[in-house]
Amino acid sequence: MEDKFYITTTIPYANAPPHIGFALEIIQADILARWNTLHKKKVFFLTGTDEHGTKNYQTAKKQKLTPQEFVDKNSELFKELTKALNISNNYFIRTTDKKRHWPGAIEMWRILKERGDIYKKKYSGKYCSGCERFITEKELEDNKCPEHPSLNIQQIEEENYFFRLSKYSDKIKKLIETNKLEILPEKWKNDFLGLIKNGLTDVSFSRDIKHLPWGIPVPEDKNQVLYVWCDALTNYLTGIGFPNKKYEKFWPADIHLVGKDMLRFHAGIWPGMLLSAGLQLPKKIIVHGFLTIDGKKMSKSTGNVISPLELAKKYSSDSIRYYLTRTTPFGDDGDFSEKALMERHNNELANKLGNLVSRVSTLAEKYGIEKCENELALKNLISDWKSKKIENSRLSTIKEHFKNYELDRALSEIFAFLDICNEYIQKTQPWKSKDKKILYELADSIKSASILLWPFIPETSEKIANVFGFKISISELNNPLKISKIKKSEILFNKIK
RNA sequence: AGCGGGGUGGAGCAGUCUGGAGUGCUCACCGGGCCCAUAACCCGGAGGUCGCGUGGUUCAAAUCCCGCCCCCGCUACCA
C-alpha cells in the first residue's frame with residue numbers, strides 16, 4: 001500500500017489572466033488531492049505558471065513592463081485563484097524561479113545531452129515579422145497572424161537543438177498500450193495511440209536567442225535558450241526539488257492532470273525525456289475536457305471568456321467547485337452557464353444540503369440527540385440493506401467512482417443520499433415526535449455525507465463539522481457521532497437573486 | 001478529407017461499454033401534504049414512436065450490427 005500521492009496540474013502560460021478552464025483543472029486536481037488526504041496519504045499537489053517564451057516577452061514590451069514584472073503580475077493572479085477556490089496545493093512553481101526551477105531544467109538538458117539525445121539541426125517555422133516571433137499553426141487564422149493580418153507569414157529557418165524523441169517512439173507506444181503509463185479515460189488513450197501510429201518525430205528543443213530572448217540559457221551555448229519542452233515540462237520534477245535527491249520522495253507522479261489539448265505533450269515528449277534521462281514515468285495521465293460557455297466554444301474573439309476570479313467575487317468557492325464538478329462528466333467537455341451555476345447553487349446546495357443542515361441543527365438544539373444505531377445511514381449508505389453486503393452499498397459506489405475519477409458521479413451519489421435524508425425527516429416528522437434518536441440518525445448521516453463532501457466543498461464541510469462536532473477523516477465514517485451540544489447552524493448557502 | 005464526440009418528455013443532462021418494462025437527475029407545468037427549516041422539504045400527476053430507416057441480430061434494443069441525415073470539436077508546439 002503506497003502512502004504517498006503526487007498530483008500535478010499543467011502550468012498555464014502566464015501571458016493572460018486565468019480563465020474558467022484552468023479553474024476546472026485545479027478544482028479537479030484538488031478534489032483528488034483532498035480525497036487522498038482524507039485517506040491519510042502523504043499528498044503533494046503541485047501547480048504553477050509557465051512564464052518564459054516570446055509571447056510573454058512581446059506582451060510585456062507592449063505594456064511597457066520588463067518581462068519579469070509582467071509575469072510577476074500575471075503569476076500573482078493564478079496564485080490568487082488558488083486561494084479564491086480554496087485549492088490545497090503544496091507548492092506553486094514558477095519557471096522563472098532561478099533557485100527552484102532553473103537548476104533542474106538545466107540538469108535535465110545536461111542529462112539528455114549526455115545520453116546523446118540532443119543534436120543540432122535546421123529548424124523551419126512560421127514567423128510573423130509583426131510579432132517578431134514564430135507562431136504556431138493553431139494561432140494562424142486563414143494562414144495569417146490574427147494580430148497582423150496585413151502581413152504575410154514567412155517561413156524562416158534557424159539552427160537549433162533537437163531532442164531525439166523518435167528513438168523512444170516504440171517504447172512509449174508499448175508503455176501506453178500495456179497501461180504501464182495509463183491514460184484515462186480510455187478514449188484519450190486510443191486517440192493518442194492513433195495519433196502516433198506512424199511514430200513520434202524529433203522535436204525542436206531550443207531557440208535562437210534572437211527569436212526567443214526570454215528563457216533559460218542552454219548550457220555551453222550562449223546563443224540558445226531552452227524551448228518550452230525542456231523548460232516547462234520539467235516543472236513536475238523541480239516542483240518537488242529536482243535535482244536535489246529529495247524529489248525521490250514523491251517521484252514518480254501518481255497523476256498528471258491535463259487538458260485534452262495537452263495530452264500529446266504529456267504522453268509523448270515528456271515520457272520520451274524521462275526515458276532518455278533514466279527517470280521513472282508518471283503512473284497516470286488523466287485527461288479532462290474543455291468548458292464551453294452557454295454551449296459555445298470559449299474564445300477571445302467572441303468575447304465570452306469567463307474569469308474565475310470575477311466569478312469568485314460573486315459566488316463562494318464551494319458553489320463554483322460544486323457546479324463545475326457536477327456539470328462536467330469525466331474526460332468530456334462540460335458547459336458553463338452562470339444561470340445553471342446559480343440554479344445549482346440555489347436548488348442543490350441551499351435547498352437540499354443547506355436547508356437540511358439548518359432544520360436538523362435547529363431541532364437538535366431544541367430537543368437534543370440520543371445515541372442509537374443509525375439505520376438511516378446503514379440502510380442507505382454504508383451497506384446494502386437487502387443483501388447485507390457492503391459491496392453493493394452507496395458508499396462503495398462512491399468509492400468506485402473516485403477510483404474511476406468519475407467525480408461528477410461520486411458527487412451526485414452523495415446528493416442522492418441527502419435526498420433520502422430529506423425524505424426521512426419529512427416522513428418521521430421529528431418536530432412533532434421530538435424523537436432524539438431520529439435526530440441522532442439524521443445528524444450522524446449528515447456527518448457521513450459531509451466527510452464525503454469535503455474534497456468537493458471543504459469550506460462547507462468544515463462548517464458542518466463544527467456544528468455537529470466531528471472530525472473530517474475517512475475513518476470517522478465508521479465511528480458513531482459523539483453526543484455534543486448542538487447549536488443552530490448559520491445559513492450555509494444564501495440564495496442568489 | 002481523416003479522427004473523435006453528440007442527436008433521450010417543454011429546457012439542459014445522465015443512462016448505452018456489461019441488452020431486460022422508457023429508468024434517473026436539475027428545472028419548467030398541474031394537484032396535494034407539512035409547518036422543524038433558507039417561501040425551504042415531502043407525496044402524487046401530465047408530458048417522450050430514446051435523430052431517421054417502420055433495416056439486421058435477439059425471447060428482448062435507447063443500449064449490439066448495418067445504412068442514412070443533422071450538429072459540434074480536433075488535426076501536432078502549451079487550458
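In the text below, chain A, chain B and the rest are named by the order of the sequence lines, each starting its count at 1. As the structure is a prediction and not an experimental result, all values here were calculated from the model. Basis for what follows: all heavy atoms, side chains included, without hydrogens, waters or symmetry-related copies.
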A.B. asks: Stacking check: are the rings of A:F290 and B:A79 less than 5.5 Å apart at their centres and under 30 degrees in tilt?
C.D. replies: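 Given the distance and angle limits, yes, they stack.
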A.B. asks: Applying a 4.0 Å non-hydrogen cut-off, can you work out what A:A232 is touching in the nucleic acid: base, sugar-phosphate, or nothing?
C.D. replies: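 The answer is nothing, as A:A232 stays clear of every strand by at least 4.0 Å.
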A.B. asks: Considering every strand and a 4.0 Å limit on heavy-atom distances, what is the contact class for A:L291: base, sugar-phosphate, or nothing?
C.D. replies: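 Base contact.
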A.B. asks: Identify which nucleotide among B:C27, B:A79, B:C34 has an atom closest to any side-chain atom of A:K432, counting heavy atoms from C-beta outward.
C.D. replies: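 Selected nucleotide (nearest to the side chain): B:C34.
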A.B. asks: Any donor-acceptor pair under 3.5 Å between the side chain of A:Q426 and the base of B:C42?
C.D. replies: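 No such pair is found, so the answer is no.
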A.B. asks: Applying a 4.0 Å non-hydrogen cut-off, can you work out what A:S412 is touching in the nucleic acid: base, sugar-phosphate, or nothing?
C.D. replies: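 Here A:S412 touches no strand at all.
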A.B. asks: Sticking with atom C1', work out how far B:G67 lies from B:C72, rounded to a whole angstrom.
C.D. replies: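 Going atom to atom, C1' in each nucleotide, I get 22 Å.
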A.B. asks: Could you tell me the separation between the CD atom of A:E413 and the NE2 atom of A:H401, rounded to the nearest 0.5 Å?
C.D. replies: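 NE2 of A:H401 is found 5.0 Å from CD of A:E413.
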A.B. asks: Among B:C36, B:C77, B:U38, which nucleotide has an atom closest to any side-chain atom of A:W431?
C.D. replies: B:C36
A.B. asks: Consider the side chain of A:D50, meaning its heavy atoms from C-beta on, and name the nucleotide among B:A37, B:C78, B:C25 that approaches it most closely.
C.D. replies: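 The answer is B:C78, which lies nearest to the side chain.
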A.B. asks: Which nucleotide wins on minimum distance to the side chain of A:R326, given the candidates B:C25, B:C36, B:U38?
C.D. replies: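 Nearest to the side chain of A:R326 among the choices is B:C25.
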A.B. asks: Nearest 0.5 Å please: distance from the CG atom of A:L165 over to the CZ atom of A:F205.
C.D. replies: 9.0 Å
A.B. asks: Rounded off to whole Å, could you give me the CG-to-P distance for the A:D261 and B:C74 pair?
C.D. replies: 10 Å
A.B. asks: Let me know the distance between CG of A:L418 and P of B:C42, rounded to the nearest Å.
C.D. replies: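 About 11 Å, once rounded to whole Å.
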A.B. asks: Does the ring-ring contact (aromatic ring centres under 6.0 Å, His included) test come out yes or no for A:W229 and A:F265, once each step is laid out?
C.D. replies: CA-CA 8 Å; A:W229 313 126; A:F265 318 122; 4.8 Å; yes
A.B. asks: Begin with the C-alpha distance, continue with both residues' side-chain angles, and end with the deciding distance and a verdict on ring-ring contact (aromatic ring centres under 6.0 Å, His included) for A:F22 and A:F78.
C.D. replies: CA-CA 9 Å; A:F22 184 63; A:F78 283 89; 5.7 Å; yes
A.B. asks: Please report the distance, rounded to the nearest Å, between CZ in A:R359 and C1' in B:A37.
C.D. replies: 6 Å
A.B. asks: Mind checking the P distance from B:A62 to B:C74? Whole angstroms is fine.
C.D. replies: 33 Å
A.B. asks: Using OP1 and OP2 only, check whether a side-chain N or O of A:N351 sits under 4.0 Å from B:C41.
C.D. replies: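 Yes, within the criterion.
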A.B. asks: Rounded to whole Å, please give me the gap between NE2 in A:H266 and C1' in B:C78.
C.D. replies: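 Distance, rounded to whole Å: 9 Å.
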A.B. asks: Taking a pair as Watson-Crick or G-U wobble with both distances under 3.5 Å, which nucleotide is matched to B:U57?
C.D. replies: none
A.B. asks: For B:C68 versus B:G24, give the span between their P atoms, rounded off to a whole number of Å.
C.D. replies: 36 Å
A.B. asks: Within the structure shown, what part of the strands sits under 4.0 Å from A:L233 by heavy-atom distance: base, sugar-phosphate, or nothing?
C.D. replies: nothing
A.B. asks: Heavy atoms only, 4.0 Å cut-off, all strands: where does A:G259 land among base, sugar-phosphate and nothing?
C.D. replies: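 Contact class for A:G259: sugar-phosphate only.
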A.B. asks: B:C13 pairs with which nucleotide, Watson-Crick or G-U wobble, both distances below 3.5 Å?
C.D. replies: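 Its partner is B:G24 (Watson-Crick or G-U wobble, both distances under 3.5 Å).
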A.B. asks: With rounding to whole Å, what would you report as the distance between B:C3 and B:U54 at their C1' atoms?
C.D. replies: 33 Å
A.B. asks: Does the side chain of A:D30 come under 3.5 Å of the side chain of A:S88 through a donor N or O and an acceptor N or O?
C.D. replies: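 Checked: A:D30/A:S88 side chains pair up, N/O donor to acceptor below 3.5 Å.
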A.B. asks: Should the pair A:W109 and A:Y161 be assigned to parallel (<30°), tilted (30 to 60°) or perpendicular (>60°) ring geometry?
C.D. replies: perpendicular
A.B. asks: A:R207 side chain: which of B:A76, B:A37, B:C77 is closest?
C.D. replies: B:C77
A.B. asks: Can you check whether A:F336 and A:H19 have ring centres sitting under 6.0 Å from each other?
C.D. replies: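 Ring centres of A:H19 and A:F336 not closer than 6.0 Å.
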A.B. asks: In whole angstrom, what separates A:H19's NE2 from B:C78's C1'?
C.D. replies: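 Spelled out: NE2 on A:H19 to C1' on B:C78 is 11 Å.
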A.B. asks: Are A:N355 and B:C41 close enough that a side-chain N or O sits under 4.0 Å from OP1 or OP2?
C.D. replies: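 No, no such contact exists.
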A.B. asks: Any strand counts, and the cut-off is 3.5 Å on both contacts for Watson-Crick or G-U wobble. Which nucleotide pairs with B:C52?
C.D. replies: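 Base-paired to B:G67.
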A.B. asks: Could you let me know what B:C29 is paired to, Watson-Crick or G-U wobble, both distances under 3.5 Å, or none if it's on its own?
C.D. replies: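 For B:C29, the partner nucleotide comes out as B:G45, under the 3.5 Å rule.
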A.B. asks: Provide, to the nearest angstrom, the distance between the OH atom belonging to A:Y227 and the C1' atom belonging to B:C78.
C.D. replies: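 From A:Y227 OH to B:C78 C1': 8 Å.
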A.B. asks: Determine the contact category for A:K488: base if any of its heavy atoms lies under 4.0 Å from a base atom, sugar-phosphate if only primed atoms, P, OP1 or OP2 are that close, otherwise nothing.
C.D. replies: sugar-phosphate
A.B. asks: Pick the P atom in B:C50 and in B:U8, then give their distance to the nearest Å.
C.D. replies: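 My reading of the P atoms in B:C50 and B:U8 gives 11 Å.
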A.B. asks: With a 4.0 Å cutoff (strictly under), does any side-chain N or O of A:R409 reach OP1 or OP2 of B:G15?
C.D. replies: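 The answer is yes; a side-chain N or O of A:R409 sits under 4.0 Å from OP1 or OP2.
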A.B. asks: I'd like the P distance from B:A61 over to B:C42, given in whole Å.
C.D. replies: 36 Å
A.B. asks: Reading RNA chain B from 5' onward, which residue's closest nucleotide shows up sooner: A:D419 or A:K495?
C.D. replies: A:D419
A.B. asks: With rounding to the closest Å, how many angstrom separate the C1' atoms on B:G47 and B:G9?
C.D. replies: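 Per the computed distance, 5 Å lies between those C1' atoms.
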A.B. asks: Please determine, for B:U38, whether a Watson-Crick or G-U wobble partner exists with both distances under 3.5 Å, and give it or none.
C.D. replies: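 B:U38 is unpaired by these criteria.
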A.B. asks: At 4.0 Å (heavy atoms only), tell me whether A:F493 reaches a base, stays on the sugar-phosphate, or touches nothing.
C.D. replies: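 Base, at least one base heavy atom under 4.0 Å.
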A.B. asks: Let me spell it out: for each of A:E348 and A:G21, pick the nucleotide of RNA chain B with the closest heavy atom. Which residue's pick is nearer the 5' end?
C.D. replies: A:E348
A.B. asks: Just how far, in rounded Å, is P of B:C42 from CG of A:N422?
C.D. replies: 5 Å
A.B. asks: With rounding to the nearest 0.5 Å, note down the distance linking CG in A:D202 to CD1 in A:I118.
C.D. replies: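 Answer for the CG-CD1 pair, A:D202 versus A:I118, is 11.0 Å.
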A.B. asks: Ignoring backbone atoms, establish whether A:K260 has a side-chain N or O less than 4.0 Å from OP1 or OP2 of B:A79.
C.D. replies: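 No, because none of the side-chain N or O atoms of A:K260 sits under 4.0 Å from OP1 or OP2 of B:A79.
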A.B. asks: Find the distance A:L349:CG to B:C41:P and express it as a whole number of Å.
C.D. replies: 12 Å
A.B. asks: The side chain of A:Q429 lies closest to which of these nucleotides: B:C42, B:A37, B:C34?
C.D. replies: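 Shortest atom-to-atom distance from the side chain points to B:C34.
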A.B. asks: Just compare B:C36, B:U38, B:C42 and give me whichever is closest to any side-chain atom of A:I491.
C.D. replies: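 Side chain of A:I491 sits closest to B:U38.
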A.B. asks: Please name the nucleotide paired to B:G2 by Watson-Crick or G-U wobble geometry with both distances under 3.5 Å, or report none.
C.D. replies: B:C74
A.B. asks: A:E441 and side chain to side chain contact (heavy atoms under 4.5 Å, CB included): which single residue from A:T428, A:L376, A:D435, A:I425 fits?
C.D. replies: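 Filter result, single survivor: A:L376.
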A.B. asks: With P as the reference atom in both, quote the distance from B:U58 to B:C52 in angstrom, rounded to an integer.
C.D. replies: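 The answer is 24 Å between these two P atoms.
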